[in-house]
Amino acid sequence: MEHMTFEKKLSWKNRTMRCPVCSSLSCPILARSSNHSCGVRFGGRSSSDPGEQAVYGECKVCAHVATDYFDGWPDRRFKEQIYNADYHIHDPGYVARRPKSTADAVTRFYSTSTRVLDYGSGSGLLPEHLSEVGVDAVAFDPMTLELTAISGQYDLLLCIEVLEHVPNPQAAAETLLRLAADEADIVVTTLLLPEASEHDYWWLGPRNGHIHAFSPNSLAKLFPGIRSFSPGVHYLGNPSHQFLEQMEAAVLCERV
């Protein structure tokens, strides 16, 4: 936790916060610089700029952990301050490795007739890779892509290392559930608590745009019936064990 004066410690610990998932009261548990990056855990550089104070609170009901630091930010500010030209420094897998590994898993275990939605597509490379082999894939990311209206029904909906970033996780979950075809598979990857609290809450990096650390309860409130293959890979529907294994490998390389 970043060093700060005794007065600042008192002020943030006495704040009133609300859970963005269930709207219950949250207890402030952590304050850190807005420039703090998750990559510090893996030897990445830490900014010398103290930045602003981002406070994270833990919900007293569903145990969800989130910050209100980003509340009210327009998409433009996210693009300028978080998802900018330096973002790859803090999330190297975002650029190419994670999209390529995910595309390999999809093409191995799903047919080319599968309609795929990549929710939070980032660079847009995953749908590009899938389109090259004849898969009908759509990219959606309000932070990085020029968007067209999203509609239709999809057989495989992917939300890969995205849910921790979205200001309104309820809206994201509602969109995914609405766009899922009958018998669709939905795969969400995000590291759950308590693993996300290890190493002094390494997962909570404001510079990465990490707003949330989900608990099993808070994730289930968004996606009723969701099951966890591992602490980082979760699903609805009936994706194969082998596909989930490969998805775990795709995101695990970012967390070792």
Side-chain angles (χ1 to χ4, degrees), residues 36-42 44 64-67 70 78-79 82-84 86-106 116-130 137 139-145 156-169 171-173 175-176 185-193 195-199 201-216 218-219 222-223 226 228-236 239 243-256:
H36 182 87
S37 170
C38 302
V40 170
R41 180 191 167 194
F42 308 110
H64 185 80
V65 173
T67 182
F70 298 100
F78 278 101
K79 292 177 182 179
I82 304 295
Y83 308 110
N84 53 29
D86 292 333
Y87 183 72
H88 70 281
I89 298 171
H90 307 283
D91 184 6
Y94 153 88
V95 178
R97 184 170 61 219
R98 199 158 57 229
K100 180 63 166 62
S101 298
T102 302
D104 289 345
V106 172
V116 179
L117 173 66
D118 183 19
Y119 187 94
S121 189
S123 63
L125 282 179
L126 172 55
E128 286 184 20
H129 289 315
L130 293 175
F140 177 84
D141 196 318
M143 301 301 180
T144 60
L145 301 175
L156 175 62
L157 301 93
L158 301 171
C159 185
I160 308 302
E161 305 298 274
V162 170
L163 204 59
E164 61 271 17
H165 295 263
V166 297
N168 187 342
T175 297
L176 286 164
D185 293 336
I186 300 177
V187 176
V188 176
T189 74
T190 188
L191 188 62
L192 294 187
L193 296 160
E195 283 77 6
S197 67
E198 295 173 352
H199 305 282
Y201 284 93
W202 76 272
W203 184 250
L204 300 180
R207 179 58 187 87
N208 294 68
H210 281 200
I211 301 172
H212 311 277
F214 289 85
S215 69
S218 65
L219 188 66
L222 297 181
F223 297 96
I226 198 166
S228 290
F229 176 78
S230 70
V233 178
H234 323 283
Y235 64 97
L236 290 167
F243 175 71
L244 295 172
E245 274 188 330
Q246 196 158 332
M247 288 305 306
E248 173 70 1
V251 297
L252 191 61
C253 65
E254 315 295 333
R255 305 177 185 151
V256 294

Where do Met247 and Ile160 land on the side-chain contact (heavy atoms from CB on, under 4.5 Å) test, with the steps shown first? CA-CA 9 Å; Met247 288 305 306; Ile160 308 302; 3.5 Å; yes
Which residues pass the side-chain contact (heavy atoms from CB on, under 4.5 Å) test with [X], not counting sequence neighbours?
X      : answer
Pro127 : Asp118, Ser121, Ala137, Ala139
Glu128 : Leu125
His88  : Val95
Ala213 : Val65, Leu193, Ala196, Trp203, Leu204

For [X], check side-chain hydrogen bond (donor to acceptor under 3.5 Å, both in side chains) against everything at least two apart and list the hits.
X      : value
Thr67  : none
Asn168 : none
Ser215 : Ser218

Any donor-acceptor N/O pair, His210 side chain to Trp202 backbone, under 3.5 Å: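 No: the side chain of His210 does not pair with the backbone of Trp202.
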Indicate yes or no for a side-chain donor-acceptor contact from His212 to the backbone of Val166 under 3.5 Å, with no hydrogens or angles considered. yes
Check ring pair (Phe, Tyr, Trp, His ring centres under 6.0 Å) between [X] and all other residues, then give those that pass, not counting sequence neighbours.
X      : result
Tyr235 : none
Tyr119 : Phe140
His234 : none
Tyr87  : Tyr83, Tyr94

Do you know which of Leu191, Val251, Thr102, Val188 makes side chain to side chain contact (heavy atoms under 4.5 Å, CB included) with Glu161?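 Single pass found, and it is Val251.
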Just one of Ile186, Val116, Thr175, Leu236 clears the side chain to side chain contact (heavy atoms under 4.5 Å, CB included) bar with Leu157, so which one?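 In the set Ile186, Val116, Thr175, Leu236, the residue that makes a side chain to side chain contact (heavy atoms under 4.5 Å, CB included) with Leu157 is Ile186.
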Interatomic spacing from [atom1] in [X] to [atom2] in [Y] - rounded to 0.5 Å:
X      : Y      : atom1 : atom2 : result
Phe214 : Ile226 : CZ    : CD1   : 10.0 Å
Leu130 : Leu156 : CG    : CG    : 8.5 Å
Leu244 : Thr189 : CG    : OG1   : 11.0 Å
Cys159 : Leu222 : SG    : CG    : 10.0 Å
Leu126 : Asp104 : CG    : CG    : 10.0 Å
Ser230 : Glu245 : OG    : CD    : 10.5 Å

Let me see the working for Glu164 and Ile211 under side-chain contact (heavy atoms from CB on, under 4.5 Å), right down to the final yes or no. CA-CA 6 Å; Glu164 61 271 17; Ile211 301 172; over 6 Å; no
How about Val187 and Phe243: do any of their side-chain heavy atoms sit closer than 4.5 Å?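 Contact flag for Val187/Phe243 side chains = yes.
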Check whether any side-chain heavy atom of Arg98 sits under 4.5 Å from a side-chain heavy atom of Asp91, and report yes or no. yes
